[in-house]
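To start, the structure under review is shown below, and the notes come after it.
For the numbers below, each heavy atom of this structure counts, side chains included, while hydrogens, waters and symmetry mates do not.
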Amino acid sequence: MISLHVDSPAPEENPFRHEVEALFAPGGLMSSASNYEHRVEQQQMAGEVAAAISSSRHLVVEAGTGVGKSLAYLIPAALQAVRTRRKAVISTHTIALQEQLIYKDIPLVQKILPIEFSATLMKGRHNFLCGTRLERVMQASGDLFTRDQQSDLERIHEWSQTTRDGSLSDFLEQPESAVWEEVRSEDHICTQKTCGKNPRCFYQAMRKRVLSADIVILNHALMFTLLGDIEEQEARGSGLLFPNDFVIFDEAHTIEDVASRHIGMEVSQFGLRRNLHRLYNPRTKKGLFQALKNGTACQVVAELTPNADAFFQAIAGRCVFKKGREYRVRETELADGSELCAGLTRLAEAIKGQAAKEEDEIRQGELQDAARRLSEARRGIANFLQLESPEHVYWVEQYGRRETLYALRAAPVNLAETLQRMLFRDNTTTVLTSATLSIGGPEMNYFRDRVGAWDSRTVQIGSPFDYGRQMALHLVKSMPEPRDPKYDRALEKWIAHFADESQAHAFVLFTSYTTMRTAAQALENHFTQRGWRLLVQGSGMPVHRMVQEFRENPHSILFGVDSFWSGVDVPGEALSNVIITRLPFATPGHPLTEARMECIEAEGGRAFEQLSLPEAILKLRQGVGRLIRTKSDTGTIVILDSRILNKPYGRAFLRALPECPITIH
C-alpha cells in the first residue's frame with residue numbers, strides 16, 4: 001500500500017515522470033526483465049525521482065523494504081544522465097550495496113534500457129597503487145624500509161604486474177600500512193602531469209573512468225571527503241562533485257553520522273607518529289630523510305617524536321574516562337602544546353626548505369605533502385587546545401588494542417545548517433532515500449530537520465510486504481530492566497528460549513559489546529549441545545565473512561552489535577528470528593550526543609523526546625528490518641526490553657513497527 005505525505009507542493013506536470021512511470025507499469029519495458037514483478041510502490045518512487053532530477057529539485061523519499069529502491073532511482077538516473085549529459089552520482093553507506101549496484105542492478109538496467117551508458121565505482125585515492133611512486137620507492141627501499149617491509153614491497157611489486165584494479169580490495173593478503181603509504185596515490189604527488197602516462201598508475205586510470213562515466217558510485221565517507229568545506233561547495237556553482245551533476249544518497253539515514261566525522265576535526269597520536277616515522281623512524285633508522293642523507297633533519301624528527309607522544313600522554317593524564325572511551329573537553333589549555341606546535345612548525349619549514357632544493361618533481365611533491373600534513377596537525381592541535389569553534393564539541397578519544405593511544409576530536413553540534421548549505425543549495429539536485437527516515441508518523445520532519453532538508457519535497461512510500469502474514473512480534477513483559485542485577489541472567493534465559501523456538505537461524509542484536517560477550521560466554525555450551533554454530537562479532541572474523549558463514553551454515557546464531565543493525569541482507573530461511581536485546585538508545589555519555597542534548601535543553605526543548613527517542617526508534621526500525629527481505633520470508637521479531645510495554649514511550653516504538661500479530665510473554 002502506498003502512503004504519501006508531502007510537505008511541499010507537488011511539482012508541475014512532468015513528461016519525464018510519466019515516461020518513467022510507464023516503464024514500470026504492467027506491460028512496460030521493465031516487464032521484459034526476468035523475474036520482474038510489478039510493484040506500484042516502485043513505480044511511484046521512480047516517478048518521484050524522475051520528477052526531482054529533471055526539474056532540478058531536492059527530494060527526500062522513504063520507501064519501505066521490498067520496494068526495489070535501487071531500480072527505482074537507477075532507471076531515471078541513467079536516462080537523465082545520457083540525455084542531458086549530466087553525471088549521476090550515487091552514494092551509499094555500505095560496500096554490500098555498492099557491489100549490488102555495480103554487479104547486479106546496473107547490468108540489468110543496461111540490458112533493459114534502449115540506451116548505452118557507462119557506470120563506474122569511485123574509491124578513495126589512498127586505495128590505489130601509484131606505479132610512479134612504486135618505481136621510485138623500489139630504488140630507495142633499503143633506506144626506507146626494514147627487511148620485513150622490503151619483503152612486503154616486493155609482494156606489492158609482483159602484484160602490480162598482474163592486477164587489473166590496482167586497489168587494496170584486489171590484494172588477497174594486504175601489506176603493512178607503513179609500506180602501502182609510500183606507494184599509494186597521494187594528492188599533490190600522483191597527478192595527471194606526473195602519472196598520467198604511467199599505465200600502472202591505477203588511480204589516474206580510475207579517474208579517467210570516473211570523468212567519462214554517466215553514473216558514478218561511491219560511499220558516503222568519500223563523498224563528504226570530496227565535498228570539502230562549505231566555502232568550497234558554494235564556490236562550485238552548479239553540482240556537488242561535478243558540474244551540473246545530480247546526487248542520490250541511498251541509505252540516507254546514516255549521512256548525519258558520516259558527515260559529523262568528516263566535517264569535524266581529528267588529530268590522532270598514531271597518525272602524527274606515522275607522519276613523523278615516514279620522515280625518519282629512530283628505532284629502524286629508516287625514512288625519507290634517511291634516503292635523502294639529511295642527518296640534521298633525521299635528528300630533528302628523532303627529538304620531536306617522543307615529544308609528540310609525551311603531549312598525548314599529558315592530555316590523557318588530564319582526562320577521566322568514566323563513561324567509555326571518550327572524555328569531553330570543556331576548558332581551554334588542557335595541556336601545554338606550545339613546544340610540540342613550535343617543533344611541528346620548525347620541521348614543516350625545514351621540509352619546505354629541503355623541497356625547494358629538490359629538482360625531482362616527485363620527490364619535491366612528497367616533501368611538500370609531508371609539510372602540509374604536519375602543518376594541518378599543528379593547526380588541529382592549536383584549535384583543540386583553544387576550543388576555537390564555539391559551535392563544535394571537543395573530546396579526547398581512547399583507541400588501540402596492543403597499545404592505548406589517543407585522538408583529539410571535534411565536531412559540529414548541529415550539522416543541519418552546514419548540510420543545508422552543502423547539499424541543498426540552489427543549482428544542485430539532491431535525492432535522499434532509505435527504508436527508515438520517519439519515526440512512525442506520516443511525516444519526516446525529524447530527519448529533515450537533522451540534515452537541513454527543509455525545502456525538499458518529502459514522500460513516504462509503504463512496503464509491498466504483508467507483515468501481518470509474514471512477521472510475528474514477541475514481547476516479554478516480565479523481563480527485568482537493563483540496570484536490574486537480574487537482567488543478564490534473564491537475558492540469557494530468553495535468548496536460549498527463542499533460539500530453541502526457531503532452531504537457531506537467529507540474529508541476536510546487542511547495544512553493548514560487554515553484554516554481548518557475557519551472554520555469548522554463558523550460552524556457548526547451550527548452543528554447542530544442539531550442534532549450532534555461534535558467531536560473535538569482535539572475535540576476529542570480518543563482518544562480511546560472518547554473514548557468509550551464517551548463510552552457509554543452516555543452524556547458526558549470530559551475536560552482533562552496531563554493524564548488524566543495518567545494511568545486512570540475509571533473505572530466506574537462513575534468518576527467521578531477530579532477537580533485539582535492548583531498545584537502542586544512544587549512550588548519553590558520548591560527547592556529541594551529550595552536547596546535542598544540552599543544545600536542545602538550552603533552547604527550551606526536551607532532549608529525550610526530541611533526540612534520544614527518535615534516534616532509538618529509527619535504529620529499532622533498522623534492526624527489525626533485517627528479518628523480512630522478500631515476499632516469501634517469514635519469521636519472528638523478539639524484543640527483550642520490557643520498557644516497550646511498561647514505559648509510556650514504549651507506545652512510540654510500537655507505532656513505528658509494521659502492523660503484525662503481537663504475543664506478550
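- By the side chain to side chain donor-acceptor pair (under 3.5 Å) test, D449 pairs with W454, sequence neighbours left out.
- Checked by atom type and distance alone, the side chain of S512 pairs as donor or acceptor with a backbone atom of T515 at under 3.5 Å.
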Exercise. So L240 and M223, side chain to side chain contact (heavy atoms under 4.5 Å, CB included) or not? Walk me through it.
Worked result: CA-CA 9 Å; L240 292 182; M223 182 75 184; 4.2 Å; yes
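- With salt bridges taken as basic N to acidic carboxylate O contacts below 4.0 Å, one links R621 and E62.
- The local environment of CD1 in I95 is sparse, with at most 12 non-hydrogen atoms from other residues, nucleotides or ligands closer than 6.0 Å.
- Applying the ring pair (Phe, Tyr, Trp, His ring centres under 6.0 Å) criterion to Y399, with sequence neighbours excluded, gives no partner residue.
- For the residue pair A335 and F311, the shortest heavy atom distance occurs at CB-CE1, 4.3 Å.
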For this session: Before giving the answer on side chain to side chain contact (heavy atoms under 4.5 Å, CB included), spell out for F424 and S456 the whole-Å C-alpha distance, their side-chain angles and the decisive distance to 0.1 Å.
Result: CA-CA 8 Å; F424 305 105; S456 300; 3.7 Å; yes
Problem set entry | Intermediate values then yes/no, side chain to side chain contact (heavy atoms under 4.5 Å, CB included), Y446 and L437 | CA-CA 8 Å; Y446 175 75; L437 298 178; over 6 Å; no
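- Under the 3.5 Å distance criterion, the side-chain polar atoms of R626 are matched with a main-chain donor or acceptor of V568.
- Note that CG of L347 is 11.0 Å distant from CD of E303, once rounded to the nearest 0.5 Å.
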Report, one line per pair, each donor and acceptor closer than 3.5 Å where one atom sits in a side chain of residues 474-483; sequence neighbours left out.
| unit_1 | atom_1 | unit_2 | atom_2 | d |
| --- | --- | --- | --- | --- |
| H474 | ND1 | H665 | NE2 | 2.7 |
| K477 | NZ | N646 | OD1 | 3.0 |

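- Nearest heavy-atom pair, C341 versus R378, reported as atom, atom and distance to 0.1 Å: O-CD, 3.5 Å.
- With sequence neighbours excluded, no residue forms a salt bridge (charged side-chain N to carboxylate O under 4.0 Å, His left out) with D484.
- Not one N or O on the side chain of R184 forms a donor-acceptor pair closer than 3.5 Å with the backbone of N127.
- Partners of R517 under the salt bridge (charged side-chain N to carboxylate O under 4.0 Å, His left out) rule, at least two apart in sequence or in another chain, do not exist in this structure.
- Judged by distance alone, the side chain of R629 and the main-chain N or O of G625 form a donor-acceptor pair under 3.5 Å.
- Here the closest heavy-atom approach between residue L419 and residue A259 is recorded as CD2-CB, 3.9 Å.
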For this session: Apply side chain to side chain donor-acceptor pair (under 3.5 Å) to the pair R551 and Q548, showing each step before the final yes or no.
Result: CA-CA 5 Å; R551 286 196 188 106; Q548 184 179 339; over 6 Å; no
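- Side-chain polar atoms of S169 and K123 form a donor-acceptor pair below 3.5 angstrom.
- Formation of a donor-acceptor pair under 3.5 Å by the Q622 side chain with backbone atoms of S566 is not found in this model.
- For F585 and F608, the ring centers are positioned less than 6.0 Å apart.
- A donor and an acceptor atom, one from each side chain of T332 and Q386, are nowhere located under 3.5 Å apart.
- Sorted by first and then second residue, the pairs that involve residues 262-279 and meet salt bridge (charged side-chain N to carboxylate O under 4.0 Å, His left out), not counting sequence neighbours, are E181-R274, E182-R278, E186-R278, R273-D309, R273-E403.
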Identify every side-chain donor-acceptor pair in residues 588-596 under 3.5 Å, counting partners at least two apart or on other chains, and give the distances.
| unit_1 | atom_1 | unit_2 | atom_2 | d |
| --- | --- | --- | --- | --- |
| H590 | ND1 | L592 | N | 3.0 |
| E594 | OE1 | R328 | NH1 | 3.1 |
| E594 | OE1 | R330 | NH2 | 3.3 |
| E594 | OE2 | K323 | NZ | 3.3 |
| R596 | NE | V413 | O | 3.1 |

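- The one candidate from N219, V258, L97 that meets the side chain to side chain contact (heavy atoms under 4.5 Å, CB included) condition with E251 is L97.
- A distance-only check finds a donor-acceptor pair linking the side chain of E601 to the backbone of A607 [under 3.5 Å].
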Exercise. Hey, mind stepping through W565 and I580 against side chain to side chain contact (heavy atoms under 4.5 Å, CB included) and telling me if it holds?
Worked result: CA-CA 9 Å; W565 284 77; I580 293 170; 3.5 Å; yes
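- Put simply, the side chain of Y394 never gets that close to the backbone of L408: no donor and acceptor are under 3.5 Å apart.
- For E256 (side chain) and V451 (main-chain N/O), no donor-acceptor pair under 3.5 Å exists by modelled atom type.
- For the salt bridge (charged side-chain N to carboxylate O under 4.0 Å, His left out) test, residues two or more places apart in sequence or in another chain that qualify with D562 are K619.
- Q610 meets the side chain to side chain donor-acceptor pair (under 3.5 Å) test with no other residue; sequence neighbours excluded.
- Residues in residues 603-616 take part in these salt bridge (charged side-chain N to carboxylate O under 4.0 Å, His left out) pairs, two or more places apart or across chains: R606-E609.
- No donor-acceptor pair closer than 3.5 Å links the side chain of T433 to the backbone N or O of D250.
- A side-chain donor-acceptor contact under 3.5 Å links D152 to the backbone of E176.
- Salt bridge status for R261 with D257: absent, with no side-chain N to carboxylate O gap under 4.0 Å.
- Looking at every heavy atom in both residues, P412 comes nearest to I263 through CG-CG2, 4.0 Å.
- A donor-acceptor contact under 3.5 angstrom links the side chains of S502 and N577, judged on distance only.
- Between R325 and E397 no salt bridge is recorded (no basic side-chain N to carboxylate O distance below 4.0 Å).
- Residues I617 and I439 share a closest heavy-atom pair of CG2-O, 3.8 Å.
- In this structure R530 satisfies the salt bridge (charged side-chain N to carboxylate O under 4.0 Å, His left out) test together with D500, sequence neighbours excluded.
- For CD of E598, the number of neighbouring non-hydrogen atoms (other residues, nucleotides, ligands) closer than 6.0 Å is greater than 12.
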For this session: Run the numbers on T636 and E501 for side chain to side chain donor-acceptor pair (under 3.5 Å), then give the verdict.
Result: CA-CA 10 Å; T636 302; E501 289 279 309; over 6 Å; no
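- Under the ring pair (Phe, Tyr, Trp, His ring centres under 6.0 Å) rule, F550 has a single partner from F559, F507, W532, which is F507.
- Closest non-hydrogen pair, P584 versus T511, comes out as CA-CG2, 3.8 Å.
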Exercise. Should N553 and R533 be marked as a side chain to side chain donor-acceptor pair (under 3.5 Å) after you check the CA-CA gap, both sets of side-chain angles, and the distance that decides it?
Worked result: CA-CA 8 Å; N553 190 323; R533 174 90 186 272; over 6 Å; no
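- Aromatic ring orientation, W494 versus H497: perpendicular (interplanar angle above 60°, classes split at 30° and 60°).
- Using cut-offs of 30° and 60° for the angle between ring planes, the F171 and W180 rings count as perpendicular.
- Every residue meeting the ring pair (Phe, Tyr, Trp, His ring centres under 6.0 Å) condition with H505, not counting sequence neighbours, appears here in chain and number order: H555.
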